[in-house]
Structure formats: C-alpha cells, structure tokens
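Working notes, structure below.
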Amino acid sequence: MTNSTQISRRDILKLMGLGAGGLFLSACGLLPSASADPTAAPVFLTPFTPSPDLPLFSVDLTAGRATLPIFSGRETSILRYQASVKEGGGDFIQTLSGSYLGPIFRVKQGQHVQVRLNNELPDPTIIHWHGLKIPEEMDGHPRDAVAPGASYEYDFQVINRSGTYWFHPHPHQLTGPQVYYGLAGLFIVSDEEESALGLPSCEYDFPLVIQDRTFDSQNQMVYLANGMMDQMIGFLGDTILVNGAPNAALDVKASAYRLRLLNGSNSRIYKLAWQDGMHLTVIATDGGLLEEPLTREYLTMGPGERVELWADFSKQSAGSEMKLVSLPFTDFSGGMMGGGMMSGSSLPNGAPLDILRLKIGEKGANVIPLPPRLSTIERNRVDEAVNRNTPRSFALAMQGMIHTINDRVFEMDSIARDEIVQLGELELWEFLNHGGSGMGMGMMNMDMPHPMHMHGVQFQVLERQVARRYESAYQDLSGGFVDDGWKDTVLVMPGETVRVLVRFENYTGMYLYHCHNLEHEDAGMMRNYKIEN
Ligand SMILES: [Cu+2]
C-alpha cells in the first residue's frame, strides 16, 4: 500500500473501532418482538406473508458533509449518512465507529421499514437499496433525486430472504462521487431459515467493506485526478480501505467468524485469497445463503458484489496473524493501450494488494461445525424461460468516449420496446462484452470488465462463454466466480457472454439495469426497463 502517512497501531484500532468497546456502538442482542404495526400490504405476485410480530423500524438518515480523522494530522472531508432512530429501537441498526461508512441495518424478513432521507449535501441525491425487491418509487431511481435541503420518504416491507444487501446514492451522474466520498452502508436481512442454522453471530458476524481511495498530502480524498481516463476506465485509488480504515487490521478470537464482504469500490476488481494459501469457504453471495458451502482458492469480486465467508480461526495459535490479500492478475484492459498504463493510477487493476491483517487472540466462542447444508435454492430452468430460444441480448460496448448498452446511453424516462418485460415471467438475459463497434481510433476499443447490476430482482447465472482470444486473461479470474446462488450483480469480463435467468416476480414498474463500475454508470452505461402486468 502506498500511504505516505504513518499511523500507529493504536490509531488503526481506534479507526476499526476495536478494543474494549467492540466494533459496534449499539448492542448486539436479540431483535425485540414488540406489537405489530398494521401496514398496507403491497401487491405481490409471489405469495408473501408479512410478519405481524415484528415492530415497525423507522429511521432518519441524513446525508451530509463531515470531517473524520482517517490519518494522523489533518482530518479528511467526507460525506456520510447519519442515522437517528425514530421507532423500533436501536437493535435494528449498528454503527461502524470512526468510519465514514453509513449505518448497518439489521432487519428481518417481513419487517416494515421507514426511512426519511434528509439531503444536506450540496447536490441532489437519492438512495438505492441494492439487491432489495421493493416498489419502483422506493428503489431510488435518479428521477426521484431530491434537491439540497429536501427529503425523501421511503416506506417498504422487506421481502428478500436473508442476505447482505447494501444502500448507496443513485442520483443522475453523481453516483460515483457521492459513493466515493463516503456514502454507503450495509442492509443486512435475516430470516428464520438462516437463524435456525446458528451461524456465528454478534461479534463473530463481521462486515468487511473493501474500497480504494486516493488521498493527497493533506489527507483529502482525490477523485478523478486523471480526468477523462479515469472516467473511461473507472476510478482506481492507490490506497485500500476496509470499513473506511487504511492499512486495516482486525483483532479476532480463535473462533469461527461469518465475514460479510462487499466490494464497495467504484471500479476496482479484487482477487481475494488468504495469504497462506488456505482455501476460502463461501457460504453466501449477493442474494443470501448458498445451498451448501463451497471452497475457492481465490474469490473474484467486482464492484457491488457481496460474498460471505466462513472463517474458522480456532486452530490458529494466539498471537499468530493471517492476511487477506488480493492476488495479482492480468490487467484485462488490453489492446494497444492497456488500462494500467492509461489510467494513470499507481495501482492498476490486477496489482497485488494487502487487504486486511487478522491478529488471532485468545480462544473465543465454541465453534459449531459448519452446517453441510445451508439453504434450499430453487433452480430456474432455461426451458421454462419464455424467451429460451431468443435471449434478451445486451451488447456492452465503448463508442467514442462513452460506454453503451445496445448502442444506447441512459435516458431519464425512456424505455425502448425491447426493455419491457411481463410480470411473473421467467426470462433469459444475456450480457455480451465483445467490445466497441470499431469506430474511431484504435484506443477506443479498450476491453473492460462490466459488473452488470439489475434493480428490483435477484437472478441466477446460467452460463458463461468467453471468446478464444480472451481465454488466458480470463482464466486468471474465472476460478473465483461464485455463480451458484442468487445474484443481483454479475461481472462480465472482456470477450465474455454471461447468461442469466431472471423472473420479474414482485412488482410492476420502471427499474434500472446498469454497469456498477460507477464511472461507467455515471457516463451513461445504464438503462431503464419496465415490468408490465
Ligand atoms: Cu462498465
């Protein structure tokens, strides 16, 4: 890592919120079971039974400017969400102390959630609840962005299964900078199926939000310092932060942990591994638990993706250390002008990185065996898709200076004929990343990965195919995909076609699908689609 500023271990611990107080300011107890709040039941196509014994959770989230001591010396100007609980008690929310990252929601499936977003930023903003199945007016479409000084009322029921979801701004052309300067938080849902497993909880259930930032000599975040190149390729910072802390270290006990990983970076891809070569044990992806745990030598995570790990430190001796790293891989931005060279970042995609040091301490809670079966996932079948012979195709390309989807860029209110789907139908979608149309200068045919995200749904990855000439770079990362469970974001590599099965089963309305490289998104690599009845 290239931090020029030295920070002491004490500072790191302070930043990670460790020590006697633990990471979270709020208590980690059982969720209260107060009396029911009668709510108007939304219309579901899929039968869904609300939980009448869960209390309403109501919170004010204020997006505003602040400063924070990230390094010694001058404080860093950041943006952040500050939460103020109005109803339901503090057990549904946790705070990462000392971090710019927003609060962590800890809610249950079936819960009624109200959020009032107060915009104290200098620009318009709106929140998107990434991965949640909610009505269109709750989803955070850019057209719903509110002006400085105004607010937006969210009111929805959590129908998703248990999982690590998250939230972040989604205003037109401002998502990149607003996330970059600090606006993001986790939205963790639990359900009965998951609770019955007895997975590690409380201090053993730990979020790890991985991001990259660049700081100047005054400890201030620098965004898009390389101008147009950063916008075309995507911003790559030279400092890795975990939960908002650089050079992150974490004291753990010799016990089993559930680590919830989010790649919250604007555009960086990680190839995560334990430094000692131990395999990673994966228990969940974007949309919650897998059917069974699986192991990987390394994990490939594109922006917006989540993975949950089972990490058992009980056999490690006290005082030993483990390290989570990102392994080197081929910078796929190939062609005549490679991304690493062009981006100007001193830390191109594919550079080896230290992510997190874990210091093993005393014996912790008794380790229950990892359950061999975690969940049941009903596999969608391609022969049940209404368009099984004619996938709905989306060509990802670079044209001139912009990234396009089927030769189009984002338009606030428009939906093309081929962007309308029917409520209840299972469809086959395919994302094709086969480069630009060849127009213009050669440098405009840069190959870039695109983490494609769909709002309003969770999908299943059916298959991947890669063009022959991309195979060797592809194989550098493809062993780390986890396509087995529910997904809302899938990394589409250069030369690759990814097919997914998606059922539009919950609500009608206009939703977004887009690249989650936030610079690509802000530059127009986003479109509306409409679910009709
Ligand atoms: Cu992209």
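The aromatic rings of His453 and His128 sit tilted, their planes meeting at an angle between 30° and 60°. The aromatic rings of Phe105 and Phe57 sit perpendicular, their planes meeting at an angle over 60°, well past the 30° parallel limit. In this structure, Tyr513 and Trp429 have perpendicular ring planes: the angle between them is above 60°, well past the 30° mark.
Look at Lys323 and Asp276 and you find no salt bridge, because none of the NZ, NE, NH1 or NH2 atoms lies under 4.0 Å from a carboxylate O. In summary, Glu136 and Arg143 engage in a salt bridge, as defined by a charged side-chain N under 4.0 Å from a carboxylate O. We find that Lys133 and Glu505 are joined by a salt bridge, their nearest charged nitrogen and carboxylate oxygen being less than 4.0 Å apart. In this structure, Arg161 does not pair ionically with Glu194, as no charged nitrogen and carboxylate oxygen lie closer than 4.0 Å. Of the charged side-chain nitrogens involved, at least one lies within less than 4.0 Å of a carboxylate oxygen, so that Glu308 and Arg258 count as a salt-bridged pair. For Arg527 and Glu411, the salt-bridge test passes: some basic side-chain N is under 4.0 Å from an acidic carboxylate O. No salt bridge links Arg388 with Asp383; every basic N to acidic carboxylate O contact stays at or beyond 4.0 Å.
Listed here is the closest heavy atom pair of Met448 and Asn433: O-ND2, 2.7 Å.
Listed by first then second residue, pairs satisfying ring-ring contact (aromatic ring centres under 6.0 Å, His included) with a partner in residues 262-287 number zero, not counting sequence neighbours.
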Discussion item. Please evaluate residues Glu430 and Arg392 with respect to the criterion salt bridge (charged side-chain N to carboxylate O under 4.0 Å, His left out), reporting the C-alpha separation (whole Å), side-chain torsions for both, the decisive distance (0.1 Å), and the verdict.
Written reply: CA-CA 6 Å; Glu430 66 178 10; Arg392 203 177 283 274; over 6 Å; no
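Figure legend: Lys271 and Tyr298 shown as a cation-pi pair, the cationic atom lying under 6.0 angstrom from the six-membered ring centre and within 45 degrees of its axis. For the pair Arg464 and Phe481, the cation sits on the ring face: its NZ or CZ lies under 6.0 Å from the ring centre, inside 45° of the axis.
Between Trp310 and Tyr257, the gap from one ring centroid to the other reaches at least 6.0 Å. Between Phe187 and His130, the distance separating the two ring centers is not shorter than 6.0 angstrom.
Remark: side-chain polar atoms of His403 are paired, donor with acceptor, to backbone N or O of Met232 under 3.5 angstrom.
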